[in-house]
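The structure under discussion appears below in the form of structure tokens.
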Amino acid sequence: MASTVPSVPTKLVDVEVATAARRDVPAVVLVSTGPALGPGGDGIDVSGLTGKAGEAVRHDETWTLGVGTGSLADYRAAGAALVRALSGEDAPKTADVLLTPDFDAANVRAFVLGAALGGYRFKVTGEEAPKRVGSLRLITADDDGFEEVLTSAALKAHALATATALTRDLANTPSNVKDPRWLTTTAARLADRVDGLSATVRDEKWLAQQGFGGVLAVGGGSARPPRFLELTYGTTGPHLVFVGKGITFDTGGISVKPADGMHLMRTDMAGGGAVIGALLAVARRKLPVRVTGLVPCAENHVSGSAYRPGDVVRHYGGATTEVTNTDAEGRMVLADALAYAVKNLEPDLLVDVATLTGAMKVSLGLRTGGVFSPSAELAAEVVEAGANVGEQWWRMPLLEEHVSAVASEIADYKQCPPGPGGITAALFLQKFAGDVPWAHLDIAGPARSEKVYDEVVAGATGFGARTLVELAEKYSR
Ligand code: BES
Ligand code: ZN
Ligand code: MN
């Protein structure tokens, strides 16, 4: 039977840099606000053009592409809009983009990110997929060494886009296909093809022997048992540990979710997907750093073997939690994984990423991730890493006045105390991060989108993967 999902990873638009335009290939002339035409624009009628970022117009064999004021966001939007315009019935195989003199490495990165991701598609139908441009060539002036600088910028951006796209692929895969075994074995299969990256997948027996009570409790209601993925890269340099929530479907469990919108919970492993995408990119780029990726995977389902509100669960390392709402399953599996990292991996930096709380969608909307960290410096590093790669973060507070609410009368901790949801979830996780420099990234808002905008298409966005790669790059030495 033919598969109901595209083969993962899906293919992105390729981008290269050169100093000479090609014959018989459509040329793309850039137009900044004004409108002001870039190189190759002689003879083009500007009437009707504004130069607004993303305005793509065909003039016979030449295209014009608005790049706005040339900000990073404008270039990202322009790259994405170009690829969308060069799709459909008469999509060319390739095109030459005639760069303006302001194109430095950062601008090329933004443009390439947009171009590679803007044409992303995850859809399986009975018909063939519509055509899309296969590659772009960025044409720069023949100045000393500039072509090399821009080429390496394009390669880096393409690696970041690949990390984002894989995260999207994993998160978009429907949960009849994607169970804990599929997610972990798919990641392991991809990791096996990359030098220096190794994958270990642990099953429910190992989890029981090791005492991963949180993962086992959440996974207990599903006929498809939980798994624990560990990806290891590098031997020297600071050790970063990334932990991603890997809930392959979240029904809410016995505290069942309303039917409206429940189907979207197939993307509830988007944090785990970001960790997998990031580890592959870090290893492919051979960054001089040590990174471990941990993804506790479980399906939160309803059945006679499901965990219950009122249960007490013992996590990896011994701490106990009183369950109050089975729909707060993310923190249950993350607690085990954080405790495992602290006990066994001696992290210099511990970052977890999760679609953890609906409350964050209310706090920051759908385009910004929340960063929780006791360290203002680390939070600022996350914000800055995100800004470099087109992901927006905002620091959230670990409010002292809510810490006492995480205590339980009958266990060490209470799973979901009253109070501001994103914050109390973060305070719960903090109990498992020990004294390690730690940041918690709640991506419940930006992990998926209803709309097409900039480099984002509807569905899973892959948010977070690029920030993790950029953080690893920052810690490289
Ligand atoms: N996966 C959800 C959070 C979520 C909601 C992500 C909407 C993306 C979009 C999480 O497991 C959850 O159910 N959280 C609960 C926590 C509550 C029970 C304390 C929530 O936010 O409602
Ligand atoms: Zn969830
Ligand atoms: Mn839930």
Side-chain angles (χ1 to χ4, degrees), residues 167 171-172 175 178-180 183 214-215 217-222 226 243-274 295-302 306-311 321-337 352-370 372 396 402 405-406 408 413-429 440-450 458-464:
T167 308
N172 282 330
S175 301
K178 172 178 60 194
D179 62 9
L183 183 57
V215 178
V218 173
S222 173
V243 179
K245 171 175 170 179
I247 298 299
T248 59
F249 193 75
D250 182 11
T251 66
I254 296 295
S255 317
V256 67
K257 285 184 181 298
D260 271 3
M262 193 198 280
H263 61 289
L264 302 176
M265 287 299 124
R266 64 175 168 244
T267 63
D268 208 21
M269 38 48 69
V295 186
C297 299
E299 184 175 56
N300 189 25
H301 222 311
V302 196
Y307 78 136
R308 291 153 290 256
D311 286 359
T321 292
E322 177 193 1
V323 176
T324 49
N325 186 323
T326 62
D327 198 10
E329 82 297 338
R331 67 196 76 179
M332 298 299 291
V333 304
L334 291 172
D336 284 355
D352 74 76
V353 194
T355 48
L356 203 65
T357 64
M360 286 305 300
K361 297 171 68 170
V362 182
S363 306
L364 298 177
L366 303 185
R367 299 193 186 188
T368 303
F372 296 83
M396 296 288 295
H402 293 283
V406 184
S408 162
Y413 309 121
K414 182 182 275 172
Q415 178 207 25
C416 17
I423 294 170
T424 51
L427 289 170
F428 175 88
L429 292 180
H440 157 58
L441 312 183
D442 193 332
I443 58 168
R448 29 173 311 111
S449 175
E450 298 293 317
T461 60
F463 193 94

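We count ligands from 1, going down the list as the structure has it; atoms in each ligand are counted the same way. Numbers here are sequence positions counted from 1. What you see is a predicted model, and the numbers here were worked out from it, not measured in a lab.
- Looking from atom 18 (C) of ligand 1 to the surrounding protein, the closest heavy atom is Asn325 ND2, 3.4 Å.
- Looking at atom 16 (C) of ligand 1, its nearest protein heavy atom turns out to be Arg331 NH2, 4.0 Å.
- Protein N, O or S atom count below 2.8 Å of the Mn ion (ligand 3): the structure gives 4.
- The minimum heavy-atom distance between Asn172 and Ala460, with the atom names listed, is OD1-N, 2.9 Å.
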Side chain to side chain contact (heavy atoms under 4.5 Å, CB included) assessment of Val243 paired with Leu334: CA-CA 7 Å; Val243 179; Leu334 291 172; 3.7 Å; yes
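- Residue Glu329 approaches ligand 1 through these ligand atoms, each under 4.0 Å from one of its heavy atoms: 11 (O).
- Given atom 10 (C) of ligand 1, the protein heavy atom at minimum distance is Leu356 O, 3.3 Å.
- Between the NZ atom of Lys245 and the OD2 atom of Asp250, the angle taken at the Zn ion (ligand 2) works out to 170° after rounding to 10°.
- The part of Asp268 lying near ligand 1 is the side chain, judged by heavy-atom distances below 4.0 Å.
- Close contacts of ligand 1 with Lys245, meaning ligand atoms under 4.0 Å from a residue heavy atom, involve 1 (N), 10 (C), 11 (O).
- Residue contact check: Ala444 has heavy atoms under 4.0 Å from atoms 6 (C), 8 (C) of ligand 1.
- For Glu329, the N, O or S atom closest to the Zn ion (ligand 2) goes by the atom name OE2.
- Inside a 4.0 Å radius of atom 22 (O) of ligand 1 there is not any protein heavy atom.
- Screening Thr326, Thr324, Asp327 for a side chain to side chain donor-acceptor pair (under 3.5 Å) involving Ser255 leaves a single residue, Thr326.
- At a heavy-atom cutoff of 4.0 Å, ligand 1 is contacted by no atom of Met269, backbone or side chain.
- Residues meeting the salt bridge (charged side-chain N to carboxylate O under 4.0 Å, His left out) test with Arg448, sequence neighbours left out: Glu450.
- Using a 30° and 60° split on the angle between ring planes, Tyr413 and Phe428 fall in the perpendicular class, above 60°.
- Residue Ile247 does not touch ligand 1, judged by heavy-atom distances below 4.0 Å.
- Within a 4.0 Å radius of atom 8 (C) of ligand 1, the protein has at least one heavy atom.
- Taking a 4.0 Å cut-off on heavy atoms, Met360 fails to register as neighbouring ligand 1.
- Between the Zn ion (ligand 2) and the N, O or S atoms of Asp268, the shortest distance is to OD2.
- Protein heavy atom in closest approach to atom 20 (C) of ligand 1: Gly358 N, 3.9 Å.
- At under 3.5 Å, a nitrogen or oxygen of Lys257, whether backbone or side chain, sits near a nitrogen or oxygen of ligand 1.
- When hydrogens are left out, the protein atom nearest atom 15 (C) of ligand 1 is Asp327 O, 4.1 Å; that is the closest non-hydrogen contact.
- For ligand 1 and Asp250, the ligand atoms under 4.0 Å from any heavy atom of the residue are 1 (N), 2 (C), 10 (C), 11 (O), 13 (O).
- Thr355 and Asp268 share a donor-acceptor pair across their side chains, judged by distance under 3.5 Å alone.
- Of all atoms in ligand 1, listed by their number and element, those nearer than 4.0 Å to a heavy atom of Lys361 are 7 (C), 9 (C).
- Taking a 4.0 Å cut-off on heavy atoms, Arg448 fails to register as neighbouring ligand 1.
- In this structure, NZ on Lys178 lies 9.5 Å from CZ on Phe249, to the nearest 0.5 angstrom.
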